[in-house]
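Have a look at the structure below before the remarks.
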Amino acid sequence: MQDKQFGDYIITVDNINKTFSNGVVALSDFTTHIRRSEVVVVIGPSGSGKSTFLRCLNGLEDIDSGAIVVDGIPLDDNRKNRLEIRKEVGMVFQQFNLFPHMTVRDNINLAQQLVRKKTRADATEMTMDLLKKVNITEKADAFPAQLSGGQQQRVAIARALAMMPKVMLFDEATSALDPEMIGEVLEVMKTLAREGMTMVVVTHEMGFAREVSDWVIFMEAGKIVEGGTAEHFFSNPQEERTRVFLNQILT
Amino acid sequence: MNSLSQKKRKTIRFFHIHSTFIDILKYLAVIFAMVWLISSGTQKLGYNWQWYRVPKYIYTFKDGRLGAGPLIHGLMVTFQVSGISLLLSFAIGLIAALFRLSDSLAARLLARCYLETIRNTPLMVQLFFIYFVLGPVLDIDRFLSAVLALSIFEGAYASEIFRAGIISIQKGQWEAAYSLGLSPVDTYRRIILPQAIRRILPPLTSQGISLIKDSALVSIIAVYDLTMQGQVIISETFLTFELWFTIAAIYLAITVTLSVLVNFLEDHLRVLG
Ligand SMILES: Nc1ncnc2c1ncn2[C@@H]1O[C@H](COP(=O)(O)OP(=O)(O)OP(=O)(O)O)[C@@H](O)[C@H]1O
Ligand SMILES: [Mg+2]
């Protein structure tokens with residue numbers, strides 16, 4: 001990955017804090033900067049704040065203090081800014097969250113028509129292209145419940161891509177899948193990475209991290225313990241806690 | 001997996017029809033027992049049944065043309081009052097539910113006040129209040145008073161149903177919609193409500209049936225609905241038993257038809273869901 005060209009910083013996260021109303025501190029003085037086309041993998045034990053970090057990036061959670069700027073737009077109380085950022089940031093969830101009352105095509109058309117104000121015909125054209133990309137054209141008229149988990153997740157990725165986002169967030173996108181379906185979803189994610197999409201990926205798939213990540217962040221208790229290239233992480237992690245964690249998940 | 005669930009669904013439908021059939025048999029048995037009880041009771045009372053006098057209050061036959069009798073006229077008023085109130089009460093219920101779920105404290109408070117007031121006072125009092133107090137002030141007639149009272153009353157119950165339906169939708173649906181850049185209005189309109197309404201169709205139907213039954217109460221402010229027409233005829237003819245039986249049968253026919261219709265609708269929606 002050495003020869004990959006990065007752009008400017010597309011996401012800057014500075015000293016953000018997030019405490020939930022029940023007193024749980026999910027993020028504490030968290031800072032990280034992500035460049036255009038960079039693939040950042042976030043790892044860490046359960047409850048360390050990985051999901052909260054992702055959800056703060058597109059305003060699904062409000063931060064208590066600190067600053068997040070995405071592609072020049074500050075994520076603050078301003079509703080317009082929040083909406084602008086959500087248009088530019090796609091998200092893929094562990095549980096897929098497809099809309100069960102719509103066909104695959106309408107799932108992918110919806111935001112194009114409502115948010116990007118495209119006609120149905122224009123939207124459908126892009127939808128069919130995306131379905132080709134995630135390898136599932138034959139299911140355009142199916143309802144989500146008629147698809148396998150792997151197929152649903154690929155549709156969810158297509159749905160997010162339909163907004164032509166500049167950044168994609170993946171929150172354990174393969175964790176709810178049967179083992180034989182993990183590969184097909186990772187394959188789509190790898191293709192995106194190769195095409196230069198900026199990605200922030202929470203995952204336990206170390207093979208994926210090793211193969212496509214440009215930077216790995218290890219989190220614990222709402223803080224970054226250690227950050228570095230995948231090579232650094234897998235050959236000689238500096239922190240004792242990182243070593244313990246990697247030993248646990250690699251065995 | 002798909003064919004299995006289809007098979008299951010067929011089995012379920014079979015049992016469904018089967019049990020419906022048994023229910024109808026039981027129901028007929030109960031009716032039969034009641035008729036027997038009442039007829040033997042009225043014999044002791046010396047009640048003089050005059051069923052032959054009833055039809056002319058349902059339909060008239062003048063100059064070779066079929067016309068509606070007073071009961072049918074009343075039924076039309078019942079339909080009008082219930083129909084308009086049904087639509088209005090669902091609108092009010094939905095708005096109240098959205099207010100209760102909104103971020104705004106003022107909206108939540110307003111909705112709470114409405115719900116508590118309406119649910120803790122009798123419908124009859126609300127009807128009198130609107131007709132005798134608001135009526136003269138706002139210059140609204142009996143019919144409109146009846147419609148308003150019923151809509152506001154049933155709306156309070158409908159709002160609980162809507163609220164339950166909305167909060168039954170998984171958080172992930174909101175998050176997926178928001179992450180795509182949808183506005184809260186679009187999210188409600190295209191994602192949340194279409195799913196919620198499918199789930200709450202059965203309780204909403206019961207609500208609609210309650211409304212039709214409760215609409216009989218509007219006769220107390222002299223709206224000439226089915227019940228009121230019946231009362232008038234009885235006071236003129238003393239056909240007490242015959243007419244109340246007839247009126248009950250008409251209400252029953254409407255409500256049963258409505259539930260069958262919605263059951264049918266529900267089955268078709270489920271296939272899509
Ligand atoms: N809505 C919420 N309300 C209260 N506490 C929450 C909420 N969401 C998350 N938390 C808490 O915040 C902490 C961080 O949660 P988060 O989901 O970000 O962890 P995670 O690293 O994604 O964990 P996992 O690997 O299990 O997904 C946890 O202790 C969690 O219990
Ligand atoms: Mg998580």
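Each chain gets a letter, A, B and so on, in the order its sequence line appears, and its residues count up from 1.
- Environment of OH in Tyr178(B): crowded, with over 12 heavy atoms of neighbouring residues, nucleotides or ligands closer than 6.0 Å.
- Here Ile169(B) contributes atom CD1 and Phe99(A) contributes atom CZ; the two are 12.0 Å apart, rounded to the nearest 0.5 Å.
- In terms of heavy-atom pairs under 4.5 Å with chain B, the best-connected choice from Ile85(A), Asn58(A), Leu114(A), Leu169(A) is Leu114(A).
- Between atom CE of residue Met163(A) and atom OG of residue Ser179(B) there is a gap of 9.5 Å, rounded to the nearest 0.5 Å.
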Would you sort out whether Ile191(B) and Met102(A) count as a side-chain contact (heavy atoms from CB on, under 4.5 Å), showing the intermediate values?
-> CA-CA 9 Å; Ile191(B) 309 298; Met102(A) 295 179 186; 3.8 Å; yes

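- Separating the CD atom in Glu175(B) from the CD atom in Gln95(A) is a distance of 11.0 Å, to the nearest 0.5 Å.
- The environment of Arg79(A) atom CZ is sparse: at most 12 non-hydrogen atoms of other residues, nucleotides or ligands sit within 6.0 angstrom.
- Within 6.0 Å of CG on Asn120(B) lie more than 12 heavy atoms contributed by other residues, nucleotides or ligands.
- Other residues, nucleotides and ligands contribute only 12 or fewer heavy atoms inside 6.0 Å of the CE atom of Met164(A).
- Looking at Val115(A), the atoms closer than 4.5 Å to chain B (heavy atoms on both sides) all sit in the side chain, from C-beta outward.
- Few gaps surround CD on Glu116(B); more than 12 heavy atoms of other groups in view lie less than 6.0 Å from it.
- Ranked by heavy-atom pairs under 4.5 Å with chain A, the list Ser183(B), Ala177(B), Pro194(B), Ala176(B) is led by Ala176(B).
- When heavy atoms are compared at a cutoff of 4.5 Å, Arg55(A) approaches chain B solely by way of its side chain, counted from C-beta outward.
- Asp103(B) CG: 12 or fewer foreign heavy atoms inside a 6.0 Å radius.
- Heavy atoms closer than 4.5 Å to chain B are found in the side chain of Phe93(A), but not in its backbone.
- In the displayed structure, Lys132(A) atom NZ is contacted under 6.0 Å by at most 12 heavy atoms of other residues, nucleotides or ligands.
- Between Gln173(B) and Leu98(A), the shortest heavy-atom contact is NE2-O, 2.9 Å.
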